[in-house]
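Have a look at the structure below before the remarks.
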There are 2 protein chains.
Amino acid sequence: MNTFEYLLEHNIKPSVQRMAIMGYLDSHRTHPTADEIFNALSPTIPTLSKTTIYNTLKLFVQQGVAQSISIDEKNEHFDANTAVHAHFLCRKCNKIYDAFIKSKKLPGETELKEEGHKIDEAYIYYRGLCRECMEKELNKQNN
Amino acid sequence: MNTFEYLLEHNIKPSVQRMAIMGYLDSHRTHPTADEIFNALSPTIPTLSKTTIYNTLKLFVQQGVAQSISIDEKNEHFDANTAVHAHFLCRKCNKIYDAFIKSKKLPGETELKEEGHKIDEAYIYYRGLCRECMEKELNKQNN
DNA sequence: ATTAATATTTGTAATGAATACAAATTTAGA
DNA sequence: TCTAAATTTGTATTCATTACAAATATTAAT
Ligand SMILES: [Mn+2]
Ligand SMILES: [Mn+2]
Ligand SMILES: [Zn+2]
Ligand SMILES: [Zn+2]
């Protein structure tokens with residue numbers, strides 16, 4: 001799937017900036033923040049403005065080519081994967097890990113629907129200590 | 001369960017301010033923000049400071065007598081119910097509804113544990129249109 | 001009861017991510 | 001080419017949250 005066509009199919013005019021931001025999001029599945037995207041792209045597009053990053057990401061979310069991840073209190077993160085999937089934030093290294101979902105029924109979903117609410121978005125967030133960080137802590141102790 | 005004992009059991013010294021904030025959280029299960037709590041309590045405790053609200057809520061979360069709900073991008077919400085349960089935010093009226101969870105296994109949890117991560121917190125968020133708001137919209141059309 | 005040490009609260013200043021806004025630039029159409 | 005619309009940019013602003021230090025309250029020691 002090429003970025004140009006993908007944006008067009010979602011009614012987003014593929015400008016240089018939009019292509020670059022979508023390209024970055026698609027090739028870096030690390031759930032970057034607006035700031036991280038700006039720092040990554042600004043060397044190659046020196047005129048790039050942070051406002052454009054914010055505007056574009058908002059547009060991407062509206063048009064359904066990205067989702068906003070609010071697992072981190074401090075910063076909004078973004079994900080080119082728009083499918084419903086779980087996220088795990090390591091409180092030590094701040095990395096965000098993906099976890100895919102097997103069952104179709106999400107917890108509490110049926111109850112909410114039975115009460116007559118209409119669900120448009122679903123998010124599953126976990127926080128804790130990732131394997132990598134846990135191993136680092138163990139190595140410290142065994143030295 | 002009385003508030004005084006409850007705070008003590010969780011190693012929180014029950015000051016007037018802390019009692020009031022815990023009392024409010026416990027009796028208003030509407031997932032209030034720091035600002036809402038301040039506006040509600042400041043008439044009865046005129047010297048109350050907003051900083052105290054923030055400090056106290058942070059302490060409550062640390063000591064496990066409240067949880068922080070980050071379903072709303074704009075404001076942090078708080079909940080005296082510390083059990084893992086789902087939340088539904090209506091994007092029209094901004095009310096946050098509870099939904100209780102039947103199954104013990106949360107989506108993606110097993111996968112994350114198998115990868116060696118240690119999960120400490122779990123959050124399930126939904127967004128959409130609540131029944132009340134949907135009915136209001138229907139009434140508008142049929143007039 | 002005084003005093004001193006500690007804990008808590010308060011008010012104000014600072015932070016910083018996100019937004020508002022208007023000017024500048026680019027793109028598309030006549 | 002000329003014009004209008006769309007997009008981008010830079011700067012100013014917002015506002016929830018935090019930092020900090022002074023003020024007050026609580027507890028412990030003398
Ligand atoms: Mn993801
Ligand atoms: Mn709740
Ligand atoms: Zn980690
Ligand atoms: Zn509603």
Side-chain angles (χ1 to χ4, degrees), chain A residues 3-4 7-8 10-24 31-63 65-78 89 91 94 96, chain B residues 3-4 7-8 10-24 31-63 65-78 89 91 94 96:
Chain A
T3 309
F4 192 92
L7 292 182
L8 273 183
H10 290 83
N11 300 311
I12 298 167
K13 200 175 288 180
S15 69
V16 173
Q17 291 85 346
R18 288 170 180 175
M19 286 283 290
I21 295 168
M22 188 71 250
Y24 185 85
H31 314 94
T33 63
D35 205 59
E36 286 166 353
I37 298 172
F38 176 78
N39 291 331
L41 297 182
S42 106
T44 39
I45 310 177
T47 62
L48 187 63
S49 159
K50 204 169 275 186
T51 301
T52 300
I53 308 276
Y54 279 109
N55 289 343
T56 303
L57 289 170
K58 177 164 286 181
L59 178 70
F60 283 1
V61 172
Q62 282 169 357
Q63 300 298 84
V65 298
Q67 69 169 307
S68 158
I69 307 294
S70 50
I71 196 173
D72 170 9
E73 316 269 45
K74 301 261 166 265
N75 299 79
E76 196 174 0
H77 292 256
F78 295 90
L89 170 70
R91 269 198 320 273
N94 286 308
I96 297 173
Chain B
T3 309
F4 193 92
L7 292 182
L8 274 183
H10 290 82
N11 300 310
I12 298 167
K13 200 175 287 181
S15 69
V16 173
Q17 290 86 345
R18 288 169 180 174
M19 287 283 291
I21 294 168
M22 187 72 248
Y24 185 85
H31 313 94
T33 64
D35 205 59
E36 285 167 352
I37 298 172
F38 176 78
N39 292 331
L41 297 182
S42 112
T44 38
I45 311 177
T47 62
L48 187 63
S49 159
K50 203 169 276 185
T51 301
T52 300
I53 308 277
Y54 280 108
N55 290 343
T56 303
L57 288 170
K58 177 164 286 180
L59 179 70
F60 283 1
V61 172
Q62 282 169 359
Q63 300 298 87
V65 298
Q67 69 169 307
S68 158
I69 307 294
S70 51
I71 196 172
D72 170 9
E73 316 267 48
K74 301 260 165 266
N75 299 80
E76 195 174 2
H77 292 256
F78 295 90
L89 169 71
R91 270 198 319 273
N94 285 309
I96 295 174

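Within every chain, numbering begins at 1; the chains are lettered A, B, ... in the order of the sequence lines, protein sequences first and strands thereafter. The figures that follow rest on heavy atoms only: side chains count, while hydrogens, waters and symmetry mates do not.
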Seminar exercise, completed: Rounded to whole Å, the CZ-P distance (A:F78 to C:dA18) equals 7 Å
For this session: Specify the separation, in whole Å, of atom CD of A:Q17 and atom P of D:dT8.
Result: 5 Å
For this session: Nearest whole angstrom, please: distance from the P of C:dA17 to the NE2 of A:H77.
Result: 11 Å
For this session: Taking the side chain as every heavy atom from C-beta outward, state whether A:D72 and A:N94 have any pair of such atoms under 4.5 Å apart.
Result: no
Exercise. Can you name the nearest heavy-atom pair linking B:A20 to B:I45, along with the distance?
Worked result: CB-CD1, 3.6 Å
Exercise. Nucleotide by nucleotide, 5' to 3', does protein get under 4.0 Å of the base (B), only the sugar-phosphate (S), or neither (-) in nucleotides 25-30 of chain C, counting heavy atoms?
Worked result: ------
Seminar exercise, completed: Between CZ of B:R18 and P of D:dT26 the distance, given in whole Å, is 12 Å
Seminar exercise, completed: The reported gap from CZ in A:F78 to CD in A:Q67 (rounded to nearest 0.5 angstrom) is 10.5 Å
Exercise. Do A:V16 and A:M19 have side chains that get closer than 4.5 Å, going by heavy atoms?
Worked result: no
Problem set entry | B:R18 side chain vs B:T56 backbone, donor-acceptor pair below 3.5 Å | no
Exercise. Are A:F38 and A:T52 close enough that some pair of their side-chain heavy atoms sits under 4.5 Å apart?
Worked result: no
For this session: Give, ordered by number, those residues of residues 43-60 of chain A having at least one heavy-atom distance below 4.0 Å to an atom of DNA chain D; if nothing qualifies, reply none.
Result: A:T47, A:L48, A:S49, A:T51, A:T52, A:N55
Problem set entry | With sequence neighbours excluded, residues passing side-chain contact (heavy atoms from CB on, under 4.5 Å) with B:T33 | B:D35, B:E36, B:N75, B:H77
Problem set entry | Side-chain touch B:L57/B:I37, heavy atoms, less than 4.5 angstrom | yes
Exercise. A:D72 CG to C:dA18 P: how many Å, rounded?
Worked result: 9 Å
Problem set entry | B:S42 side chain vs B:N39 backbone, donor-acceptor pair below 3.5 Å | no
For this session: To the nearest Å, give me how far apart CG (A:N75) and P (D:dT18) are.
Result: 13 Å
For this session: Rounded off to whole Å, could you give me the CE-to-P distance for the B:M19 and D:dA25 pair?
Result: 19 Å
For this session: Send over the distance from B:E73 CD to D:dC15 P, rounded to a whole Å.
Result: 17 Å
